[in-house]
**Q** 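I am attaching a structure below and will ask some questions about it afterwards.
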Amino acid sequence: MNLSAKDFQSIKMPLMALALAVAASLTLLAITDRKLENSEKNYRNQLTTLTEARSRYQRSGEERETILRYLDSYRALEKIGFVGTEQRLNWVESLRMANKNAGLFGVDYQLTAQEPFPFAVNDNPIASQVRQSRMTITFGVLHEGELARLFSALSAQQPGLFSLNGCSIDRAGRQGDPQPMQANLEAKCELSWLTLEPVGGKS
């Protein structure tokens, strides 16, 4: 079928209207796609936020259970002076009482500055928080068995947590047979007093 110029003229307006309608539809479709994409993005973000919030809530519950499970043990360690700042006056007073209770002849001591505890387990998260203060004590004894009596008496005072690094005993120039009721030997021992600084505590 052949169309004349008059026919083209007659369908010109409908074609323009159709073109405008198609353009408007395409524009609306593009806007709708963009809004849908933004809505999906917002949904994913909100879902991620919700998942993180649930995870934090779950972790907080687990942390609370852990705290409650070990709270009594933690407070017990605080009470004996292991957790927190070092209690040097308590150590010295406990040593004095241990000497008295063990029936010995007096104890001299020297304390070093606090330093990292070298035997803490490296893969333990709190290892870097364990500190030690080394104490050298010198005291007279009747015989070797009195060393154990002194340290048993010291432990009974519950002055904190300590480790015995080593001891040496000599006659300190004394000659002749051991005498009763006097210091026949001189003992020298090294202790490490241990403390754990909580997070946020004094470094």
Side-chain angles (χ1 to χ4, degrees), residues 60-172 174 178-203:
S60 67
E62 292 173 352
E63 289 171 358
R64 181 176 180 275
E65 290 179 1
T66 300
I67 290 172
L68 292 176
R69 185 182 307 123
Y70 296 107
L71 183 59
D72 289 343
S73 298
Y74 183 85
R75 286 177 174 168
L77 292 174
E78 279 186 320
K79 186 176 180 180
I80 67 170
F82 174 60
V83 175
T85 55
E86 59 180 6
Q87 305 291 325
R88 293 193 168 212
L89 291 179
N90 288 347
W91 299 343
V92 173
E93 178 62 18
S94 296
L95 184 62
R96 186 187 70 81
M97 290 300 300
N99 168 76
K100 179 180 178 181
N101 294 340
L104 300 184
F105 307 96
V107 179
D108 295 325
Y109 69 91
Q110 290 182 325
L111 264 170
T112 65
Q114 197 177 52
E115 61 188 8
F117 183 55
F119 303 111
V121 180
N122 291 330
D123 59 357
N124 191 306
I126 66 170
S128 62
Q129 297 169 240
V130 179
R131 314 281 290 176
Q132 72 168 356
S133 294
R134 288 180 289 117
M135 175 187 280
T136 301
I137 59 176
T138 306
F139 54 101
V141 294
L142 289 170
H143 51 78
E144 295 88 340
E146 291 192 324
L147 272 71
R149 190 165 64 183
L150 173 66
F151 293 117
S152 294
L154 182 58
S155 296
Q157 296 292 318
Q158 294 189 333
L161 189 63
F162 68 89
S163 67
L164 177 60
N165 299 334
C167 288
S168 62
I169 299 178
D170 62 45
R171 297 183 62 87
R174 294 176 176 84
Q179 300 297 315
M181 303 306 297
Q182 72 177 38
N184 295 301
L185 303 172
E186 184 178 79
K188 185 174 184 180
C189 300
E190 184 184 87
L191 311 176
S192 286
W193 292 96
L194 306 178
T195 53
L196 186 147
E197 291 285 350
V199 175
K202 178 176 70 65
S203 59

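Keep in mind that this is a model prediction, so the values were computed, not measured.
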**Q** Where do Ile169 and Ala187 come nearest, in terms of heavy atoms and distance?
**A**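 Shortest heavy-atom separation between Ile169 and Ala187 comes out as CG1-CB, 4.2 Å.
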**Q** Can you tell if the side chain of Val130 reaches within under 4.5 Å of the side chain of Pro116, non-hydrogen atoms only?
**A**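 When only atoms from C-beta onward are counted, Pro116 and Val130 do not touch, as no gap falls below 4.5 Å.
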**Q** Looking only at heavy atoms, what is the nearest atom pair of Gln114 and Arg88, with distance?
**A** N-NH2, 3.8 Å
**Q** Mark yes when over 12 heavy atoms from residues, nucleotides or ligands other than Tyr109 sit less than 6.0 Å from its OH; otherwise mark no.
**A**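 Not more than 12 within 6.0 Å, no.
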**Q** Is any side-chain heavy atom of Leu191 closer than 4.5 Å to a side-chain heavy atom of Ser163?
**A**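 They are not in contact (no side-chain heavy atoms under 4.5 Å apart), so the answer is no.
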**Q** Measuring from Leu95:CG to Glu93:CD, what's the distance to the nearest 0.5 Å?
**A**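 Separation between the atoms: 9.5 Å.
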**Q** So Met135 and Trp193, do their side chains get closer than 4.5 Å, heavy atoms only?
**A** yes
**Q** Calculate, to the nearest 0.5 Å, the distance between atoms CZ and CZ belonging to Phe151 and Phe162 respectively.
**A** 7.0 Å
**Q** Is the backbone of Gly106 close enough, under 3.5 Å, to the side chain of Asn99 for a donor and an acceptor to pair up by distance?
**A** yes
**Q** Heavy-atom count check: over 12 atoms from other residues, nucleotides or ligands less than 6.0 Å from Gln158 CD?
**A** no
**Q** Evaluate the criterion side chain to side chain contact (heavy atoms under 4.5 Å, CB included) for residue pair Arg131 and Leu196; output intermediate values, then yes/no.
**A** CA-CA 6 Å; Arg131 314 281 290 176; Leu196 186 147; over 6 Å; no
**Q** Can you confirm whether Glu146 sits close enough to Leu104 that some side-chain heavy atom of one is under 4.5 Å from a side-chain heavy atom of the other?
**A**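 With C-beta onward as the side chain, the pair touches.
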**Q** Which pair of non-hydrogen atoms, one from Ala153 and one from Asn101, has the smallest distance, and what is that distance?
**A** CB-CB, 4.4 Å
**Q** Less than 4.5 Å apart, side chain to side chain, heavy atoms only: is that true for Ser192 and Leu194?
**A**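 Result yes, sub-4.5 Å side-chain heavy-atom pair found.
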**Q** What residues, two or more places apart in sequence or in another chain, satisfy salt bridge (charged side-chain N to carboxylate O under 4.0 Å, His left out) together with Glu115?
**A** Arg134
**Q** Donor-acceptor pairs under 3.5 angstrom involving side-chain atoms of residues 136-143: please list them, not counting sequence neighbours.
**A**
| unit_1 | atom_1 | unit_2 | atom_2 | d |
| --- | --- | --- | --- | --- |
| His143 | ND1 | Gly145 | N | 3.2 |

**Q** Look up atom SG in Cys189 and atom CG in Asn165, then write down how far apart they are to the nearest 0.5 Å.
**A** 10.0 Å
**Q** With sequence neighbours excluded, what pairs up with Ser94 under the side-chain contact (heavy atoms from CB on, under 4.5 Å) test?
**A** Leu154, Gln157, Pro159
**Q** Between Gln132 and Thr195, is any side-chain donor less than 3.5 angstrom from a side-chain acceptor?
**A** no
